[in-house]
Amino acid sequence: MRFSLNGPTGRKRPLWIGIGLAIAILATTGGCGAIKKDKMAVTLQAATHGYQSALRWGYYESAYAFVDPKQREDKPMPPDLTGLHLTGYDVVQPPSIKKDEDTATQIVRIEYLYESKQVVKSLTDRQLWQWDADKKTWWLISGLPKFK
């Protein structure tokens, strides 16, 4: 099979039609990367919001489920969460995907207290998230914050 710029009537097509088709094909295939990045950003936003909600409402087992499964293997949930109540969760730096596109960082300020002590403490949590391309989800690889 031969390819040419000849039309069905044997007449030559103008060169700009061929160039226009090439540009259209490149533009269409180039958009796939942007769509993938957008989906990753939406998924990251959902993961960080779900994690925040789980912590805020005291669903620590649900929050622990956001931690990378490799880090959770043979490790129970930290015991120091009993009696813990979050009184504040403020995003200092919203999640941003790194240039390599498989990690993201978010920084939050958390205020909390333990029922037994009734003293409000605060910490800065630098969350590192890793994209799992197989499962199409983000995992928290920095682990749960260290509440003291």
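The first residue of the sequence shown is numbered 1, and numbering continues consecutively from there.
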Distance, nearest 0.5 Å, that separates CZ of R126 from CD of Q106: 11.5 Å
With sequence neighbours excluded, residues passing ring-ring contact (aromatic ring centres under 6.0 Å, His included) with W131: W138
Would you list the atom pairs, donor with acceptor, under 3.5 Å between side chains in residues 118-125 and any protein atom, with sequence neighbours excluded?
{"unit_1": "Q118", "atom_1": "NE2", "unit_2": "E115", "atom_2": "O", "d": "3.1"}
{"unit_1": "K121", "atom_1": "NZ", "unit_2": "K148", "atom_2": "O", "d": "3.2"}
{"unit_1": "S122", "atom_1": "OG", "unit_2": "R109", "atom_2": "NH2", "d": "2.8"}
{"unit_1": "T124", "atom_1": "OG1", "unit_2": "R109", "atom_2": "NH1", "d": "2.6"}
{"unit_1": "D125", "atom_1": "OD2", "unit_2": "Q127", "atom_2": "NE2", "d": "3.2"}

Considering all heavy atoms, the nearest P78-Y64 contact: CD-CE1, 3.9 Å
Heavy-atom check, side chain of P95 versus side chain of Q45, under 4.5 Å: yes
Contact summary for T87 and L113, nearest pair of heavy atoms: CG2-CD2, 3.9 Å
Show every donor-acceptor pair shorter than 3.5 Å between a side-chain atom in residues 67-74 and any protein atom, with sequence neighbours excluded, or say none if there are none.
{"unit_1": "D68", "atom_1": "OD1", "unit_2": "K70", "atom_2": "N", "d": "3.4"}
{"unit_1": "Q71", "atom_1": "NE2", "unit_2": "I141", "atom_2": "O", "d": "2.6"}
{"unit_1": "R72", "atom_1": "NE", "unit_2": "V67", "atom_2": "O", "d": "2.7"}
{"unit_1": "R72", "atom_1": "NH2", "unit_2": "A65", "atom_2": "O", "d": "3.4"}
{"unit_1": "R72", "atom_1": "NH2", "unit_2": "V67", "atom_2": "O", "d": "3.2"}

Spatial distance of atom CG (L81) from atom CG (L144) [nearest 0.5 Å]: 6.5 Å
Sequence-distant partners of D80, side-chain hydrogen bond (donor to acceptor under 3.5 Å, both in side chains), two or more places apart: none
Between side-chain atoms of residues 52-62 and protein atoms elsewhere (two or more places apart, or another chain), which donor-acceptor pairs fall under 3.5 Å?
{"unit_1": "S53", "atom_1": "OG", "unit_2": "H49", "atom_2": "O", "d": "3.1"}
{"unit_1": "Y60", "atom_1": "OH", "unit_2": "L84", "atom_2": "O", "d": "2.7"}

Pairs where residues 84-114 contributes a residue and the test ring-ring contact (aromatic ring centres under 6.0 Å, His included) is met, not counting sequence neighbours: Y112-F147
From OG1 (T137) to CH2 (W129), nearest 0.5 Å: 8.5 Å
Heavy-atom pair with the smallest gap, counting every atom of G143 and Y51: O-OH, 4.3 Å
Within-4.5 Å side-chain heavy-atom neighbours: D90 and V108: no
Pairwise side-chain contact, E111 with L86, heavy-atom cut-off 4.5 Å (strictly under): no
Atom pair OG1 (T105) and NZ (K98), whose distance is rounded to the nearest 0.5 Å: 3.5 Å
Heavy-atom check, side chain of I97 versus side chain of L44, under 4.5 Å: yes
